[in-house]
S.K.: 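Take this structure, written in structure tokens, and hold onto it; I'll ask about it next.
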Amino acid sequence: MELDEVTISRAILKTQMETMVEYLDLDVAVIGGGPSGITCAALLAEKGLKVGLIEKKLSIGGGMWGGGMMFPRIVVQAAAKRLLDRFGIASTEAEPGYYVAKSVESVSKLTAAACTAGAEFFNLIAVEDVVVKADGRVSGLVINWSPVEMAGLHVDPLTIRCRAVVDATGHDATICHMVAKKGGDLPIRGEGYMWADRAEGNILDHTKEVFPGLFVCGMAANAVGGECRMGPIFGGMLLSGERAAALVAAALRT
Ligand code: 48F
């Protein structure tokens, strides 16, 4: 069989366009493909929900790829070790209670689990606004290609509809800021200094529905809640993604 370039192009365009049309309406949109977002997407998809993860960068993984100061290792405390095991991520106990995993393996296995569970990934797309109508809920997202944003082009975006949104955008808590900027009742306290024990200990309290239809997890949860940062310990990110998935699933069941 002689390979035909146009057939290759048609295969890509047709399948991706069909997927994009199918995902104009979804159960949960997770914004941000860092560790908390991928964990959340994987666990929601495992529950049978239609989940789309939107990531503005080319690669999925957020801050997890970089490990600590570009040493591609992450640390996970004992309380979250079960999540490394759940996703088949190998780890060694470096010191009592401190488990070390490879950052590349961690991102890859979380992502593989999310794909296997049926979550759909949309990379190179940035969320630039939210939809809030008369019921006061976040019920959709305004999206555009990130290269459009990067090039400063004046190109109108498109819109998707969803039953719930998860802000997993990390330190910037981008989606929460969008809601607050437009007058939504969503107080943002801002991220505190580095204090790993406190930040990891409190992250689950900050992982919640912060505005009708909008949940926050990962570092974005701490940034909204006025909580500290923690550096390259990632147990809180995994646990927060898991908590957000449970909260969203419970909310969508009612
Ligand atoms: O920052 P990030 O990895 O978020 P996280 O899951 O994990 C935080 C840790 O990596 C680390 C830490 C804890 O150990 O302090 O920083 O909370 O990933 C956030 C992702 O969201 C994407 C961004 O490119 C990154 O990959 N993102 C941010 N804004 C948008 C977005 C947006 N408007 N649209 C789409 N993606």
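Numbering of ligands and ligand atoms starts at 1, following listing order.
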S.K.: Around atom NZ of K50, are there more than 12 heavy atoms of other residues, nucleotides or ligands at under 6.0 Å?
M.R.: yes
S.K.: Which pairs count as ring-ring contact (aromatic ring centres under 6.0 Å, His included) when at least one residue sits in residues 94-133, sequence neighbours excluded?
M.R.: Y23-F122
S.K.: Is E5 salt-bridged to R10, going by a charged N under 4.0 Å from an acidic O?
M.R.: no
S.K.: Quick one, list the residues around ligand 1 where some non-hydrogen atom comes in under 4.0 Å, by chain and residue number.
M.R.: I31, G32, G33, G34, P35, S36, I54, E55, K56, K57, G62, G63, M64, I125, A126, V127, A168, T169, G170, H171, T174, G218, M219, M230, G231, I233, F234, M237
S.K.: Identify whether the distance between the nearest side-chain nitrogen and carboxylate oxygen of D129 and K182 falls below 4.0 Å.
M.R.: yes
S.K.: When you check the gap from the basic side-chain N to the acidic O, do R86 and E46 get nearer than 4.0 Å?
M.R.: yes
S.K.: Compare every heavy atom of L141 with every heavy atom of A29, then report the nearest pair and how far apart it is.
M.R.: CB-CD1, 3.5 Å
